[in-house]
Every structure is written in C-alpha cells, then in structure tokens.
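What follows is one structure encoded as structure tokens, with my remarks underneath.
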Amino acid sequence: QVTWHPRKNRKTGIQPPSVDINTKLIGKYNLDNVIAAVAIGNFLKMPAEAIKAGIESYIPANNRSQIIEKDTNTIILDAYNANPSSMKAALENLAAMTASNKVAILGDMLELGEVSQTEHAEIVDLLQKLDLKKAYLVGPEFGQLKPPFAHYENVAALKADFDWNQFQNTTFLIKGSRGITLEKVLED
C-alpha cells in the first residue's frame, strides 16, 4: 500500500485528501514504478481517483512479479529477467516478508560477461545469510561455484527432482534470466 499526498491546488489553495493506493506489485523496489505512474498521471492532470484506479487495476503478468497461489503456497514468479541488482532486491524482499517458510528458486543471470562468476558468488553468499528454508539453483553459472544448495543444470533436471507436495504454506521466489525459463517448473 502506498499513500499519496496530492499537492495543493495553486488556484484554489485547497489541499486534496491523501489517497491510499493498494497496488498488486510486490517489493519496495517497485515503489519507484508506482511513484512514476502517479507523477505521469499528475502531469497529465488526471483526477486522483483515475490514477488510483489505474494503478490498483494493474495485475502483474508475463513472468514479471506475478503472484500465483498454488495449493497453500504463494509463488512470486519473476522469471522474465535477472541481473545482480534485481536478484538481490528480490531476495531481500523475500527475506523481509512475514511468511514463516520461504524458498528461493534461482536461475543463472545471463550475459554478465567477465563478472559473471563474481556476481553469482555474491548471490550465493547472500542466500547463505538469509533466513530461507531452502534454495534451489539452476544453470551452469551457479553450478561452477559448487554451491551449498541444491543445484540443477537446467529446469528439466529441477522438474524431475522437485516435488511441490513437500511444501505447505510456503512462499517461493522464482527468479532468473529469460533464457533459463524457470517458469517451466510450474508446468504439470
């Protein structure tokens, strides 16, 4: 939830009331996107109610910050793309959530060039510091590190070994680069 305090009308001097916006976007890293939408609506002189309605009606899709309910579990599907800063922000958001059981399923961050191994190692280090029930890593970049977490060369290998039924009341983060196709772990 975001509270927006519209500016005072210059002509009338009237201060409009605050507006609470209940967005379906997850993570404080999406706050800038909500603020940008409010700013653009303001610039276009849209009524506050229309800005609020537009933001609240947006439902994340296309593997970008999607929230999926699967039995008793909640899945944050963010497998459209990944880079070191977005991966860290998503993991920190997962760790900050009040859910008691948290699991990360992470795919390689592709196209990082010569810093790839260092950036993947930093993600593994961060995973070790976070209070997560489990982590699953997918892709050859993570595999080169011999991580202390379950590792799979590709999504097919993960799917062959992964059992959704072992989890109840768990919040999952599924995050990786587009080329890893992590969303396939959800397919039956």
Side-chain angles (χ1 to χ4, degrees), residues 1-70 73-99 102-116 118-120 122-123 126-127 129-132 141 171-186:
Q1 179 178 350
V2 177
T3 301
W4 166 38
H5 303 283
R7 285 190 288 193
K8 188 184 292 187
N9 185 309
R10 290 182 191 171
K11 292 179 183 176
T12 65
I14 296 173
Q15 175 68 50
S18 297
V19 178
D20 289 331
I21 301 173
N22 295 302
T23 177
K24 293 171 187 74
L25 290 169
I26 190 164
K28 66 181 179 182
Y29 50 87
N30 273 312
L31 180 59
D32 288 343
N33 296 324
V34 173
I35 292 169
V38 168
I40 290 167
N42 246 353
F43 178 78
L44 296 173
K45 297 184 177 23
M46 294 176 65
E49 299 79 25
I51 296 170
K52 172 184 169 70
I55 294 169
E56 289 183 344
S57 68
Y58 174 71
I59 299 172
N62 197 24
N63 301 329
R64 297 176 189 224
S65 297
Q66 279 182 262
I67 305 297
I68 300 168
E69 300 295 331
K70 185 173 178 78
N73 300 315
T74 300
I75 300 161
I76 304 164
L77 178 59
D78 197 359
Y80 183 79
N81 211 348
N83 60 53
S85 61
S86 71
M87 185 78 78
K88 290 173 189 169
L91 283 168
E92 289 167 353
N93 180 67
L94 177 65
M97 294 176 78
T98 58
K102 304 170 208 170
V103 174
I105 301 174
L106 305 179
D108 282 351
M109 301 173 287
L110 302 178
E111 302 174 10
L112 296 180
E114 61 189 42
V115 299
S116 184
T118 302
E119 295 295 348
H120 282 84
E122 287 185 21
I123 295 300
L126 178 59
L127 276 170
K129 294 174 187 170
L130 299 176
D131 182 30
L132 303 179
E141 294 290 329
T171 299
F172 290 87
L173 168 66
I174 300 177
K175 176 107 177 120
S177 284
R178 180 82 305 272
I180 303 298
T181 64
L182 278 180
E183 70 280 359
K184 290 182 179 179
V185 75
L186 296 169

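No experiment lies behind these values; they were computed from the predicted model shown.
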The criterion is side chain to side chain contact (heavy atoms under 4.5 Å, CB included); which residues satisfy it with A99, sequence neighbours excluded? K102, T171
For E111, the salt bridge (charged side-chain N to carboxylate O under 4.0 Å, His left out) test, sequence neighbours excluded, returns none
Residues in side chain to side chain donor-acceptor pair (under 3.5 Å) contact with E114, at least two apart in sequence or another chain: none
Listed partners of E183 passing side chain to side chain donor-acceptor pair (under 3.5 Å), at least two apart: R178
For E92, the salt bridge (charged side-chain N to carboxylate O under 4.0 Å, His left out) test, sequence neighbours excluded, returns none
Residues two or more places apart in sequence or in another chain: which of them pass side chain to side chain contact (heavy atoms under 4.5 Å, CB included) with I67? I26, E69, T74, I76
Please list, chain by chain and in numerical order, all residues satisfying side chain to side chain contact (heavy atoms under 4.5 Å, CB included) with S18, sequence neighbours excluded. T3, H5
For D108, salt bridge (charged side-chain N to carboxylate O under 4.0 Å, His left out) partners two or more places apart: none
With sequence neighbours left out, the residues meeting side chain to side chain donor-acceptor pair (under 3.5 Å) with N33 are N30
Sequence neighbours left out, cut at 3.5 Å: what donor-acceptor pairs do the side chains of residues 54-61 make with other protein atoms?
residue : atom : partner : partner atom : Å
E56     : OE2  : N22     : N            : 2.8
E56     : OE2  : K52     : NZ           : 2.8
S57     : OG   : A53     : O            : 3.1
S57     : OG   : G54     : O            : 3.0

Output all residues satisfying side chain to side chain donor-acceptor pair (under 3.5 Å) with T118, sequence neighbours left out; order by chain, then residue number. none
Contacts of type side chain to side chain contact (heavy atoms under 4.5 Å, CB included), residue N81, not counting sequence neighbours: S177
